[in-house]
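One structure is given below, encoded as structure tokens.
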There are 2 protein chains.
Amino acid sequence: MYNQISKTKKAVRQIKQAIPLQTLQRLPAYLSYLRRVLPDKKNVSARTIAAALSLGEIQVRKDLAAVSDKGRPKTGYDTAELIADIEDTLGCTNSKDAVLIGAGKLGTALLSYKGFSEYGLNIVSAFDTDKSKCGTDESGKAVLPMEKLTDFCKRLNIRIGIITVPAAHAQEICDKLVDCGIKAVWNFAPVHLNAPPGVLVKSENMAASLALLSRHLMEPDTSPDKDEE
Amino acid sequence: MYNQISKTKKAVRQIKQAIPLQTLQRLPAYLSYLRRVLPDKKNVSARTIAAALSLGEIQVRKDLAAVSDKGRPKTGYDTAELIADIEDTLGCTNSKDAVLIGAGKLGTALLSYKGFSEYGLNIVSAFDTDKSKCGTDESGKAVLPMEKLTDFCKRLNIRIGIITVPAAHAQEICDKLVDCGIKAVWNFAPVHLNAPPGVLVKSENMAASLALLSRHLMEPDTSPDKDEE
DNA sequence: GGAATATAGATATTCCTTTATCGATATAAT
DNA sequence: ATTATATCGATAAAGGAATATCTATATTCC
């Protein structure tokens, strides 16, 4: 099976088996690591990656098998090929435009962060009800008044919305984004958001992370204490 | 079992059964919801919570059973009591001090965020190598030079460190924090961090969230599409 | 060319989480 | 009082993910 009927396998993978949720969420970590070591390592094995990221070797191997079939005994994967396969799976190559609502501290921090482009995300513009925040951000991106949101999204066919407004207004903004045709919402406000079927809401739950840290400090017990990501 | 031998049950819960990881991470969402509705609702049922947060009723009931035994048929839980039990489990009551390293955009955003106190987190001070960033932040919190970190942590017995430095320096900062006696690291840099046993590292993996959003946009298929948090 | 070795891939098992089903009980209504 | 009902709690089943085990196969070394 090493390199002969790859087409068949890939087809099967794409048609029948969706990539497991947990695997999907680990892929960016692999990608980041591989990009970093590419200049040095032309080849990598699952074991190497596992050691670098403190993961189980078998788990990594299984994850990689879900996105690529170019692994070869004794040599492992060609790093560049593996990067390409992961990028392909994650859709890093085709740039996805997004709008960001709420030009507060967190909003502007995200707005000026350069790293999202590595995963194909491009924040086109920010919006805020506060006119004093409108204008051109330090990062060179525009902050527009809320009134222009709907027209903007529809004209540019934006499908991703990032919410960085206070919790009290998040649901209302979410509803508005849905009206604008947004299909995926990335929510940084600490509230649950309701959205109609077909619209995915992914909330960044910092409180959940805190719960983990807190428990660790409360239970200085004998546990082996693998780190959680 | 309704209200009679609660002591025994609680003891068993605390001794034998640790709260499942996934449950633990949902608790803050319950807490947030309960606090919001407390003025209106003296009592809540698992079903009510489930509906509000788009979760399964049985799942919520099981989660609540893990932290409280004060639920009663027909009436549900006393809201205030349930809040207290969750707070107790999460350790919201005793304030935990933390230091933050990296006073960039994201760092200062977190520094000035008021919401962490609701979960018992208190960011005492920030640190940065860049002297020009040192001084007193807008939020009233001090940004100190890195040289003072070790002494500061040891004197105040700080156990939580928040990393908001660029990825390239994150591991080195993490090592330093460990030297300072930090026991829990909250990492916002997009790299895996290694830490010795006994030190928990929780990374905020935004790229993983992006992967989810991205997949959703790539596969506009027939899936039922429950939203992910 | 043959043996040793590192590695991928497949299958099976175990574990954790979620979901389903059933029984018990406090409140409300008749 | 008796019955109905909403809800909790416990047990059981199902699903998904992590881990273990085994097999196959390139590469390397002799």
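Lettering of chains follows the sequences in order, A, B, ..., and the numbering in each one begins at 1. Bear in mind the structure is a predicted one, so any value in this text is a computation, not a measurement.
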Original post:
How do B/K62 and B/T48 order along DNA chain D: which one's closest nucleotide is nearer the 5' end?
Top reply: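 Result of the comparison: B/T48.
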**OP:** Residues of residues 29-47 of chain A with any non-hydrogen atom less than 4.0 angstrom from an atom of DNA chain C: list those, numerically ordered, please.
**Re:**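 DNA chain C contact set from residues 29-47 of chain A: A/S45, A/A46, A/R47.
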Test of understanding: with side chain to side chain contact (heavy atoms under 4.5 Å, CB included), list the residues that count as partners of [X], not counting sequence neighbours.
X: B/S112; result: A/K105, B/S139
X: A/R36; result: A/Y33, B/V191
X: A/K96; result: A/N94, A/I160, B/S214, B/L217
X: A/I58; result: none

What is the separation between atom [atom1] on [X] and atom [atom2] on [N], rounded to the nearest whole Å?
X: B/K70; N: D/dT7; atom1: NZ; atom2: C1'; value: 18 Å
X: A/Y77; N: D/dA26; atom1: OH; atom2: P; value: 14 Å
X: B/Q22; N: D/dA18; atom1: CD; atom2: P; value: 10 Å
X: B/L24; N: C/dC16; atom1: CG; atom2: P; value: 15 Å
X: B/Q59; N: D/dA13; atom1: CD; atom2: P; value: 21 Å
X: A/D63; N: C/dA8; atom1: CG; atom2: C1'; value: 14 Å
X: A/D69; N: D/dA26; atom1: CG; atom2: P; value: 13 Å
X: A/L21; N: D/dG15; atom1: CG; atom2: C1'; value: 14 Å

Heavy atoms from C-beta onward define the side chain here; which of [options] lies closest to that of [X]?
X: B/R61; options: D/dT19, D/dC8, C/dT21; answer: D/dC8
X: B/A65; options: D/dG9, D/dA18, C/dT19; answer: D/dG9
X: B/I58; options: C/dT17, D/dT19, C/dT21; answer: C/dT21

**OP:** Just say parallel, tilted or perpendicular for the rings of A/F188 and A/W186, cut-offs at 30° and 60°.
**Re:**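 The rings of A/F188 and A/W186 sit tilted, inter-plane angle from 30° to 60°.
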Original post:
If you count the non-hydrogen atoms of other residues, nucleotides and ligands that lie under 6.0 Å from CZ in B/R159, is the total more than 12?
Top reply: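 No.
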Can you tabulate the close N/O pairs, meaning under 3.5 Å, that link protein atoms to atoms of nucleotides 27-30 of chain D?
from: D/dT27; atom 1: OP1; to: A/R72; atom 2: NH2; distance (Å): 2.6
from: D/dT27; atom 1: OP2; to: A/R72; atom 2: NH2; distance (Å): 3.4

Original post:
Quick one: salt bridge (charged side-chain N to carboxylate O under 4.0 Å, His left out) partners of B/E87, sequence neighbours excluded?
Top reply: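 For B/E87 the salt bridge (charged side-chain N to carboxylate O under 4.0 Å, His left out) partners, ignoring immediate neighbours, are B/R35.
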Subject >> Pairing residues for B/E57 by the salt bridge (charged side-chain N to carboxylate O under 4.0 Å, His left out) criterion, not counting sequence neighbours >> reply: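 Residues passing salt bridge (charged side-chain N to carboxylate O under 4.0 Å, His left out) with B/E57: B/R47, B/R61.
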**OP:** List for me each residue that meets ring-ring contact (aromatic ring centres under 6.0 Å, His included) alongside A/Y119, sequence neighbours excluded, and say none if there are none.
**Re:**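 Applying ring-ring contact (aromatic ring centres under 6.0 Å, His included) to A/Y119 gives none.
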Subject >> Identified pairing partner of D/dC30, criterion: Watson-Crick or G-U wobble below 3.5 Å >> reply: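 Checking every strand shown, D/dC30 finds its partner in C/dG1, with both distances under 3.5 Å.
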